Amino acid sequence: YSQDKNALHYASLLDSTNMRATLTKLASDEFEGRGAAEKGEELTINYLSEYLKNKSISAGNKGSYLQNIGAAVRTGGKKRFLFNNFDYVDDYSYDNAMPADSIVSADKVLFVGYGIYSSTYNDFADMDITDKVIMMIDDKPANRFGLEYAIKPSIDDYIKPKRPKAVIKVRTGFRSYSDYSYRRVIYKQDNKGANIPEVSVNERLANKILESTGKTIKQIAYEVEQTGTPPSVEINASLLFNGNNRYEDAKVNNVVAIIEGRDLKDEYVVVSAHHDHDGKQYNTIYNGADDNASGVSGVLEIATILAKAKKEGKGPRRTVIILFPAAEEKGLHGSKFYAENPIYPLDKTIACINLDMIGRIGNEYESKGNNYTYIVNHKQMSGNLVKLTELINSNSTQLTLDYKHTSPGDGNQYFSRSDQYNFAEKGVPSIMFTSGEHKDYHKSTDDTEFIDFDGMWKRTKLAFLLIWELANSNDVK
């Protein structure tokens with residue numbers, strides 16, 4: 001890294017006033033928390049598209065700023081759950097992601113406890129679940145015996161490959177359907193072949209199904225906790241159910257723009273920040289000022305200054321992709337879709353720099369000030385990005401660099417919780433800048449009034465200098 005005068009000049013043009021205006025707009029009640037497939041998302045993608053257009057930053061997807069990621073929203077349908085000919089219509093919620101109605105009937109139910117399998121504990125032992133209706137507690141037991149059920153496996157991991165007819169999940173947290181009903185969005189890329197109906201039942205209905213065993217859900221949970229013994233059993237039961245699972249296509253979009261490079265324009269640097277948050281739940285708006293209006297504001301300002309440099313004949317040698325993924329809060333769906341359906345070849349993409357929550361002073365720094373940033377990386381998946389960041393920082397921004405390293409076996413898995421992960425999974429060296437978690441994380445109180453714009457500007461400047469280096473250096477390995 002050399003003290004590139006152009007880099008330092010353009011970094012000095014980053015304007016915290018612009019970032020404040022952008023963040024304040026996106027985190028206002030007008031945008032209703034920017035929930036995926038909701039009114040707030042449509043407002044958000046329109047705002048971002050217009051912003052980029054007004055700054056003469058080119059659309060990144062064949063003349064469009066949008067990349068539809070393939071989602072659908074549940075709109076209604078028939079609903080019933082007959083057990084021994086009695087309709088328990090208010091005691092279940094049809095919870096699967098099948099974009100079509102289905103009817104399930106059975107004369108037996110296989111109760112498989114918590115639906116856990118491992119070398120020391122297996123709820124599925126001696127049970128053939130193929131083409132059967134299985135019921136399991138949607139929770140995990142207390143780990144008193146050191147058994148391998150501390151982490152519950154995904155249904156996709158073991159159950160779906162065995163092809164049961166349907167999965168009934170016992171959820172003790174809801175009483176009636178009216179308490180549990182919600183507007184469900186599914187993401188088609190995650191549901192290819194997912195044609196196994198799933199329903200959630202409450203404790204009342206689960207106990208009715210278990211009645212012939214003489215036990216209740218609470219009793220079974222207590223026995224597992226005390227003995228560490230799988231409670232699997234086959235129950236004679238007459239079931240017939242179908243659900244409210246009619247879907248319509250939803251407009252859930254990544255926003256993509258490019259600043260085309262010069263002599264190395266067929267190589268790419270991705271700069272990303274997810275544009276969604278938790279939306280409006282009942283009458284409460286989750287504005288997500290830090291998560292992630294802050295990251296979006298930083299990336300927009302970086303894009304603006306890079307476009308200015310290009311206009312003045314000092315633009316990046318490599319093409320910079322400006323990516324605002326959708327539905328990060330729902331499972332990194334937008335970045336996953338881009339990684340699976342890249343607009344620009346991933347084998348020519350040299351790095352992904354992700355900004356996610358850069359606008360607060362995190363819990364661990366409340367008494368230390370804002371002159372820091374966390375670098376979230378994976379030791380095997382981030383290439384030399386950390387070393388390059390450290391070198392740039394020592395020569396310019398001089399922030400305290402703190403780390404949320406991830407390597408196999410780490411419990412928190414910070415690296416896999418934001419959009420850079422899906423690029424890293426495809427072999428693209430990736431890191432994330434963040435100011436860390438705080439008391440308002442994923443709460444309705446994550447508002448603009450608590451943003452530390454000075455610290456946000458500092459992190460954006462370091463990210464800009466790293467992106468400039470990646471976009472312009474001869475050798476970035």
Side-chain angles (χ1 to χ4, degrees), residues 1-26 45-61 63-65 255-273 275 293-324 343-344 349-355 358-359 388-389 392-393 395-397 433 453-474 476:
Y1 176 78
S2 61
Q3 290 284 7
D4 186 325
K5 292 180 179 179
N6 287 327
L8 297 174
H9 166 68
Y10 285 108
S12 72
L13 301 181
L14 294 165
D15 192 339
S16 63
T17 303
N18 292 340
M19 294 162 66
R20 178 189 292 267
T22 301
L23 184 147
T24 301
K25 182 72 171 178
L26 290 172
I45 62 176
N46 288 341
Y47 175 85
L48 294 175
S49 299
E50 284 300 311
Y51 191 106
L52 293 162
K53 182 179 179 180
N54 290 338
K55 297 294 183 180
S56 300
I57 300 171
S58 300
N61 187 17
S64 172
Y65 288 105
V255 177
V256 191
I258 62 165
I259 298 156
E260 190 175 46
R262 293 179 283 129
D263 56 313
L264 298 174
K265 66 180 181 179
D266 292 329
E267 297 179 15
Y268 307 93
V269 178
V270 172
V271 185
S272 64
H275 66 66
S294 65
V296 171
S297 302
V299 171
L300 280 177
E301 186 64 8
I302 289 170
T304 298
I305 300 305
L306 289 174
K308 178 178 175 60
K310 178 179 174 64
K311 185 177 180 180
E312 295 174 356
K314 303 292 178 59
R317 298 175 65 197
R318 294 179 177 86
T319 296
V320 177
I321 300 168
I322 304 299
L323 175 65
F324 299 105
I343 300 171
Y344 303 94
T349 302
I350 67 167
C352 172
I353 309 303
N354 186 40
L355 276 61
I358 60 169
L388 184 57
T389 302
I392 292 169
N393 182 64
N395 286 328
S396 55
T397 44
F433 290 98
F453 288 98
D454 180 56
M456 181 173 153
W457 179 84
K458 293 176 181 179
R459 296 176 194 102
T460 302
K461 181 180 179 181
L462 177 57
F464 176 89
L465 289 169
L466 173 62
I467 293 158
W468 185 280
E469 184 72 10
L470 291 168
N472 287 288
S473 293
N474 289 320
V476 293

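Below, each value reflects all heavy atoms present in this structure, side chains not excepted, and no hydrogens, waters or symmetry copies. Because the structure is predicted, anything quoted here is derived from the model rather than measured.
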Separation of [Y] [atom2] from [X] [atom1] (nearest 0.5 Å):
X: Arg459; Y: Asp454; atom1: CZ; atom2: CG; result: 9.0 Å
X: Met456; Y: Leu14; atom1: CE; atom2: CG; result: 11.0 Å
X: Ser272; Y: Asn354; atom1: OG; atom2: CG; result: 3.5 Å
X: Leu470; Y: Ile392; atom1: CG; atom2: CD1; result: 7.0 Å
X: Lys314; Y: Asn6; atom1: NZ; atom2: CG; result: 4.5 Å
X: Lys265; Y: Ile258; atom1: NZ; atom2: CD1; result: 9.5 Å

Inset, instruction - Check the pair Ile343, Ile321 against side-chain contact (heavy atoms from CB on, under 4.5 Å), reporting the backbone distance first and the verdict last. - result: CA-CA 10 Å; Ile343 300 171; Ile321 300 168; over 6 Å; no
Legend entry - Verdict with reasoning, Leu466 to Ile353, per side-chain contact (heavy atoms from CB on, under 4.5 Å): CA-CA 9 Å; Leu466 173 62; Ile353 309 303; 3.7 Å; yes
On a heavy-atom basis, which atom in [X] and which in [Y] lie closest, and how many Å separate them?
X: Ala463; Y: Ile302; answer: CB-CD1, 4.2 Å
X: Ala7; Y: Phe464; answer: O-CE2, 3.8 Å
X: Phe433; Y: Ile358; answer: O-CG2, 3.5 Å
X: Arg318; Y: Ile350; answer: CD-CD1, 3.6 Å
X: Lys55; Y: Ala307; answer: O-CB, 4.2 Å
X: Tyr47; Y: Leu26; answer: CD2-CD2, 3.7 Å

Would you say [X] and [Y] make side-chain contact, with heavy atoms under 4.5 Å?
X: Tyr65; Y: Leu48; answer: no
X: Leu465; Y: Thr389; answer: no
X: Lys25; Y: Tyr51; answer: no

Legend entry - Arg20 to Phe453 six-membered ring, cation-pi geometry met (6.0 Å, 45°):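 The answer is yes, since Arg20 meets both limits relative to Phe453.
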Donor-acceptor under 3.5 Å ([X] side chain, [Y] main chain):
X: Thr319; Y: Gly261; answer: yes
X: Lys461; Y: Thr397; answer: no
X: Asn472; Y: Trp468; answer: yes
X: Glu301; Y: Ser16; answer: no
X: Ser297; Y: Leu23; answer: yes
X: Thr24; Y: Ala21; answer: no

Inset, instruction - For the pair Tyr268 and Tyr344, name the ring-plane relationship: parallel under 30°, tilted 30 to 60°, perpendicular over 60°. - result: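 Rings of Tyr268 and Tyr344: tilted, as their planes differ by 30° to 60°.
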Inset, instruction - Run the numbers on Leu300 and Leu52 for side-chain contact (heavy atoms from CB on, under 4.5 Å), then give the verdict. - result: CA-CA 8 Å; Leu300 280 177; Leu52 293 162; 3.9 Å; yes
Inset, instruction - Could you walk me through whether Asn46 and Glu50 pass side-chain contact (heavy atoms from CB on, under 4.5 Å), step by step? - result: CA-CA 6 Å; Asn46 288 341; Glu50 284 300 311; 5.6 Å; no
